[in-house]
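Structure, as C-alpha cells:
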Number of protein chains: 2
Amino acid sequence: MNIGEAATESGLPAKTLRYYEDIGLVTPRRSDNGYRHYAEEDIHKLRFLQRARSLGFAIADCRTLLSLYEDTSRASSDVKSIATSHLDQVEIKIQELESLRKTLKHLISSCKGDHRPDCPILDDLSRSAKS
Amino acid sequence: MNIGEAATESGLPAKTLRYYEDIGLVTPRRSDNGYRHYAEEDIHKLRFLQRARSLGFAIADCRTLLSLYEDTSRASSDVKSIATSHLDQVEIKIQELESLRKTLKHLISSCKGDHRPDCPILDDLSRSAKS
DNA sequence: ATTCAACCTTCCAGTGACAGGAGGGTCAAG
DNA sequence: CTTGACCCTCCTGTCACTGGAAGGTTGAAT
C-alpha cells in the first residue's frame, strides 16, 4: 500500500506519515521504485497513533504506548499511569481555561462595545498588571 | 532602565523583551554603550503585554490591542470583538478538553492497572480507530 | 592596576508536530 | 507519447519563546 492509501486508511495526512518515519515511529519498507510500502501492521500502528494523538497524547507518550502495545507481557499499570498522568494535565488545562473564561466574560460584559473609546478591557490590561 | 530591571518590572523574562523588540512590539531606545534603555512608557506597554498574554491573547491580538490602547479615538466595540472572539476560542477548547477528559476517565476507570497485560486502554487505541 | 561578578550584546539552534512548497522522478491510461 | 495523478527529498515556516556560545561593559573590591 502506497503512502496515499495508507493516509486514507489511517486518517492521517501523508505528510504526517513521512514525519512519523523521520522520527522512527512507523518505518515502512520501500518498493523497488523507492516508494514507501505500508503493510497491514503499519496501517494498524498508524491507526493506533491516530487514535492516541486524537486523545491528546504527546508523541513521546505515543511511542511508549506503542511499545507497550507490542509488548504482550506489559503490565496494564504502566499504561494506566501514562493515561492518568495525561488526564491530570488535561484537568489542569481545563481549570486554567475556565479561570480564563471567567475573567474574559467579566471583562467583556463590563464593556459597552459601542463607538466610544471607553473600554474596561483596555483599562484592565493597562492597570491590573501594575499591582 | 536596562533590560534586567525592565524584565523585573514587567514580569517578563529579558529574552522575551528582546523578542518583542525583534518583532517590533516594544522598541526601546539605546544607550551610548548599546544597552537597551526602557522608558516608563515602554514598561507600561510591557505590563500591558504581560497581562494580555496571560489572558491567552495571541501576539497578533496583542499588537492590535496595543494599537487600540494607544488610539484614544478607538471604538470600544473593536476591543470587545477581539475579546469575544478569543473567548469563543477558549470555550471551544474547554469543550474539546472536557470531551477528552470524559473519554480518558472512562478508559482509565476500565483499566485494572495491575501487573497483568490486559488493558482496555490499549484495546481502545488499537480497535476504535478501525471503525 | 587588575580582577571579578554581574550585567549587557548578537547570533544560532531547538522546541512540538507538523504544513507548504519547490523541483523532480514514476506510473497507468488514453 | 503525453497527461495527470501519484510519489520522492529537501528546505522553510509555524508560535512564542528558551538556551547557550562568544564576547563587550560596568562597578566595586582587592
Side-chain angles (χ1 to χ4, degrees), chain A residues 1-39 42-43 45-46 48-66 82 85-86 89-90 93 96 100, chain B residues 1-39 42-43 45-66 86 89-90 93 96-97 100:
Chain A
M1 197 184 300
N2 286 346
I3 198 171
E5 200 180 345
T8 307
E9 284 296 308
S10 65
L12 292 166
K15 277 273 182 188
T16 299
L17 303 200
R18 295 198 189 95
Y19 174 67
Y20 285 175
E21 184 180 10
D22 270 1
I23 63 174
L25 264 187
V26 176
T27 52
R29 301 233 170 125
R30 295 297 182 119
S31 305
D32 290 345
N33 57 15
Y35 287 13
R36 290 167 182 81
H37 175 80
Y38 289 86
D42 296 323
I43 302 298
K45 280 195 202 175
L46 289 173
F48 184 102
L49 289 168
Q50 190 280 331
R51 172 70 174 160
R53 290 289 297 132
S54 80
L55 288 177
F57 286 99
I59 292 284
D61 284 342
C62 291
R63 199 186 294 271
T64 308
L65 288 171
L66 203 53
I82 293 175
S85 162
H86 178 41
Q89 295 306 307
V90 167
K93 193 70 191 171
E96 290 173 1
L100 212 56
Chain B
M1 197 182 299
N2 286 346
I3 198 169
E5 200 180 344
T8 307
E9 284 296 308
S10 64
L12 292 165
K15 278 272 184 188
T16 299
L17 303 201
R18 295 198 188 94
Y19 174 66
Y20 285 175
E21 183 180 11
D22 271 359
I23 63 173
L25 263 187
V26 176
T27 52
R29 302 235 170 123
R30 297 297 181 119
S31 305
D32 291 345
N33 57 12
Y35 287 15
R36 289 167 182 82
H37 175 80
Y38 288 87
D42 296 323
I43 302 297
K45 281 194 203 176
L46 289 174
R47 283 184 181 134
F48 184 102
L49 289 168
Q50 191 279 331
R51 172 71 173 157
R53 290 288 299 134
S54 79
L55 288 176
F57 286 99
I59 290 286
D61 283 342
C62 290
R63 200 185 293 272
T64 308
L65 288 170
L66 203 52
H86 178 42
Q89 295 305 307
V90 167
K93 193 71 191 171
E96 289 172 1
L97 287 177
L100 213 55

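Side-chain atoms are counted along with the backbone in the values below, which use heavy atoms only and exclude waters and symmetry mates. Residue numbering restarts at 1 for every chain, and letters A, B, ... go by the order of the sequence lines.
- The heavy-atom pair separating B:Cys62 from B:Arg53 by the smallest distance is SG-CD, 3.7 Å.
- Checking the phosphate oxygens (OP1, OP2) of D:dT9, a side-chain nitrogen or oxygen of A:Arg30 falls inside 4.0 Å.
- With salt bridges taken as basic N to acidic carboxylate O contacts below 4.0 Å, one links B:Arg30 and B:Glu21.
- The phosphate of C:dC8 has neither OP1 nor OP2 within less than 4.0 Å of any side-chain N or O from B:Arg36.
- Shortest non-hydrogen contact noted between A:Leu49 and A:Tyr20 is CD1-CD1, 3.8 Å.
- To the nearest angstrom, C1' of D:dC10 lies 10 Å from CG of A:Asp22.
- Atom CG of A:Asp61 is separated from atom P of C:dA17 by 9 Å (rounded to the nearest Å).
- Distances shown here put every side-chain N or O of B:Arg63 at or beyond 4.0 Å from the OP1 or OP2 atom of D:dA16.
- In this model, the phosphate group of C:dA19 is approached by a side-chain N or O of A:Thr16 to a distance below 4.0 Å at OP1 or OP2.
- D:dA16 atom P lies 8 Å from atom CD1 of B:Ile23, rounded to whole Å.
- Taking for each of A:Lys15 and A:Ala58 the nucleotide of DNA chain C with the nearest heavy atom, the 5'-most of the two is the partner of A:Ala58.
- Nearest-nucleotide positions on DNA chain D place A:Asn2 closer to the 5' end than the other of A:Asn2 and B:Phe57.
- Taking atom OH of B:Tyr19 as the reference point, atom C1' of D:dC15 lies 6 Å away to the nearest angstrom.
- Atom pair B:Glu21:CD and D:dC17:P shows a separation of 15 Å (rounding to whole Å applied).
- The phosphate of C:dG16 (OP1 or OP2) has no side-chain N or O of A:Arg53 nearer than 4.0 angstrom.
- Counting to the nearest Å, the C1' atom of D:dT18 and the CZ atom of B:Arg18 are 12 Å from each other.
- Closest to the side chain of B:Tyr35, out of D:dC7, D:dT26, C:dA17, is D:dT26.
- With a 4.5 Å cut-off on side-chain heavy atoms, A:Ile3 and A:Tyr38 count as touching.
- The two atoms that bring B:Leu17 and B:Ala7 nearest to each other are CD1-N, 3.8 Å, heavy atoms only.
- A:Asn33 has no side-chain polar atom (N or O) that falls below the 4.0 Å cut-off from OP1 or OP2 of D:dC8.
- When the P atom of D:dG24 is taken as reference, atom CG of B:Asp32 falls 19 Å away, rounded to whole Å.
- Counting to the nearest Å, the C1' atom of C:dC7 and the CD atom of B:Glu5 are 12 Å from each other.
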